[in-house]
K.L.:
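Take a look at the following structure, please.
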Amino acid sequence: MGAGLPSVYYHASREYVGMKNSTKKTAFLTLSSVLTILALATATLGTAHATSSISYSFNLVGPNTAMAQNTIPGTPIAAGDVLRLTGAGAFDLSKSAANGGGSFTHYKPDGSVFARGLWVVTGFQSFTSYGGPSPGVQGGVLLLTVSIIGPEATFSGLTLRVSCHINAPANAPEEGTTLPGLFSVPTGGNTLYHLNN
């Protein structure tokens with residue numbers, strides 16, 4: 001279900017952690033690009049919403065964390081590493097369109113920061129709705145295609161799973177946000193879906 005990372009390393013150098021000028025410029029340009037993409041995607045979903053489609057928004061309620069069970073050869077991911085995500089987004093079922101994003105922090109098992117950056121939704125895969133007590137409180141499991149933009153590399157074509165346990169059946173994935181096959185064990189945080197129409 002999850003895509004593998006290419007054999008490219010990113011690392012949290014002192015320059016990156018210290019946010020020297022060149023890194024500040026890169027971060028600013030990356031953030032500007034992400035905001036532009038989100039604005040265009042939101043406009044697209046807004047048009048789809050006007051044509052009576054079924055759309056949702058989602059929030060990662062507090063930071064969501066997931067742990068890597070295994071070391072992934074050819075990548076910077078080692079068993080016990082933790083990925084921390086924040087963010088939100090939206091998706092339209094009739095158009096199979098999605099947008100969203102946020103920030104990530106990759107921690108090593110000793111708690112040290114390995115890398116920080118952004119994640120951006122690049123595609124919609126599927127959504128299973130569990131319903132809920134009101135349009136603003138819905139459960140379900142969402143699969144998205146995302147890119148992770150680190151300080152020295154971008155990893156594209158990854159699967160992000162966002163699971164909310166409201167009205168969930170017994171065999172539903174655990175609450176939280178994971179990158180299946182990479183950071184696949186949810187260890188903290190909650191999610192929530194909102195039915196927009």
Side-chain angles (χ1 to χ4, degrees), residues 1-20 22-24 26-27 29-31 33-34 37-38 58-89 91 98-127 141-165 172-191:
M1 195 158 52
L5 291 174
S7 297
V8 177
Y9 289 90
Y10 58 84
H11 69 278
S13 66
R14 290 189 185 274
E15 288 80 17
Y16 180 73
V17 173
M19 292 299 285
K20 296 212 184 233
S22 64
T23 304
K24 283 184 181 178
T26 302
L29 292 173
T30 301
L31 182 59
S33 299
V34 169
I37 291 167
L38 291 177
F58 67 91
N59 292 325
L60 306 187
V61 182
N64 277 222
T65 57
M67 185 180 69
Q69 277 187 305
N70 304 304
T71 297
I72 312 294
T75 76
I77 301 170
D81 283 7
V82 172
L83 185 68
R84 178 185 183 269
L85 298 175
T86 62
F91 56 98
N99 70 72
S103 65
F104 82 86
T105 306
H106 178 170
Y107 295 95
K108 300 311 284 179
D110 65 3
S112 62
V113 173
F114 184 72
R116 289 187 171 106
L118 303 171
W119 64 273
V120 181
V121 174
T122 58
F124 173 84
Q125 293 182 25
S126 67
F127 178 65
V141 61
L142 173 67
L143 295 178
L144 298 167
T145 304
V146 299
S147 290
I148 292 189
I149 304 164
E152 295 187 6
T154 296
F155 304 101
S156 301
L158 303 176
T159 296
L160 179 74
R161 182 175 70 195
V162 182
S163 177
C164 178
H165 260 212
E174 289 183 56
E175 176 93 13
T177 306
T178 61
L179 290 175
L182 301 172
F183 293 92
S184 53
V185 180
T187 56
N190 293 300
T191 64

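If you're wondering where the values come from, they're calculated on a predicted model, not measured in any experiment.
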K.L.:
Which residues pass the side chain to side chain donor-acceptor pair (under 3.5 Å) test with Thr191, not counting sequence neighbours?
P.N.:
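Testing Thr191 for side chain to side chain donor-acceptor pair (under 3.5 Å), a comparison that skips the adjacent residues, returns Glu175.
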
K.L.:
Less than 4.5 Å apart, any side-chain heavy atom of Tyr107 and any of Phe114?
P.N.:
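No, their side chains stay 4.5 Å or more apart.
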
K.L.:
In Å and rounded to the nearest 0.5 Å, what is the CZ to CG distance from Phe91 to Asn99?
P.N.:
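That separation rounds to 11.0 Å.
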
K.L.:
From the options Val146, Val121, Ile148, select the one residue that forms a side-chain contact (heavy atoms from CB on, under 4.5 Å) with Leu160.
P.N.:
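The side-chain contact (heavy atoms from CB on, under 4.5 Å) with Leu160 is passed solely by Val146 among Val146, Val121, Ile148.
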
K.L.:
Could you measure the distance from the CG atom of Leu142 to the CZ atom of Phe124? Nearest 0.5 Å is fine.
P.N.:
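With rounding to 0.5 Å, CG (Leu142) is 6.5 Å from CZ (Phe124).
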
K.L.:
Roughly how far, to the nearest 0.5 Å, is the CG atom of Leu118 from the OG atom of Ser147?
P.N.:
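If we round to the nearest 0.5 Å, Ser147:OG and Leu118:CG are 11.0 Å apart.
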
K.L.:
Can you give me the closest heavy-atom contact between Lys108 and Pro76, atom names plus distance?
P.N.:
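Smallest heavy-atom distance, with atoms named: NZ-O, 3.2 Å.
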
K.L.:
With Thr86, which residues qualify under side chain to side chain donor-acceptor pair (under 3.5 Å), at least two apart?
P.N.:
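Per chain and number, Thr86 pairs via side chain to side chain donor-acceptor pair (under 3.5 Å) with Ser103.
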
K.L.:
Search all heavy atoms of Leu85 against all heavy atoms of Phe104 and return the closest pair with its distance.
P.N.:
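Scanning both residues completely, I find the closest heavy atoms to be CD2-CB, 3.5 Å.
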
K.L.:
Using only heavy-atom distances, determine whether the side chains of Thr145 and Gln125 contain a donor-acceptor pair under 3.5 Å.
P.N.:
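Short answer, yes.
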
K.L.:
Identify all side-chain donor-acceptor contacts of residues 179-190 below 3.5 Å with residues at least two apart in sequence or on another chain.
P.N.:
from   : atom 1 : to    : atom 2 : distance (Å)
Thr187 : OG1    : Thr65 : O      : 3.3
Thr187 : OG1    : Thr65 : OG1    : 2.7

K.L.:
Using the side chain to side chain contact (heavy atoms under 4.5 Å, CB included) criterion, which residues pair with Ala79? Sequence neighbours excluded.
P.N.:
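Counting only residues at least two positions away or on another chain, Ala79 forms a side chain to side chain contact (heavy atoms under 4.5 Å, CB included) with Thr71.
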
K.L.:
Within the distance-only criterion (no hydrogens, no angle test), does the side chain of Thr177 pair as donor or acceptor with the backbone N or O of Asn64 below 3.5 angstrom?
P.N.:
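Not at all, since once roles are kept as given, no pair shorter than 3.5 Å links the two residues.
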
K.L.:
What pairs with Ser126 under side chain to side chain donor-acceptor pair (under 3.5 Å), at least two apart in sequence or on another chain?
P.N.:
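Ser126 satisfies side chain to side chain donor-acceptor pair (under 3.5 Å) with no residue once adjacent residues are dropped.
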
K.L.:
With Asn59, which residues qualify under side chain to side chain donor-acceptor pair (under 3.5 Å), at least two apart?
P.N.:
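Expected list: His194.
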
K.L.:
What distance separates Arg116 CZ from His106 NE2, expressed to the nearest 0.5 Å?
P.N.:
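So the gap between those two atoms works out to 12.5 Å.
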
K.L.:
Give me the atom names and distance for the closest heavy-atom approach of Pro173 to His165.
P.N.:
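The answer is O-NE2, 2.6 Å.
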
K.L.:
Is there a side-chain contact between Pro109 and Asp81, using heavy atoms and a 4.5 Å cut-off?
P.N.:
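Pro109 reaches Asp81 side chain to side chain.
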
K.L.:
For the pair Asn70 (side chain) and Ile72 (backbone), establish whether a donor and an acceptor sit closer than 3.5 Å, ignoring hydrogens and angles.
P.N.:
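Side chain of Asn70 to backbone of Ile72: no pair is present.
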
K.L.:
Where do Ile77 and Ala68 come nearest, in terms of heavy atoms and distance?
P.N.:
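Scanning both residues completely, I find the closest heavy atoms to be CG2-CB, 3.5 Å.
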
K.L.:
About how many Å separate CG of Leu83 and OG1 of Thr178, when rounded to the nearest 0.5 Å?
P.N.:
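The CG atom of Leu83 is 10.0 Å from OG1 of Thr178, to the nearest 0.5 Å.
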
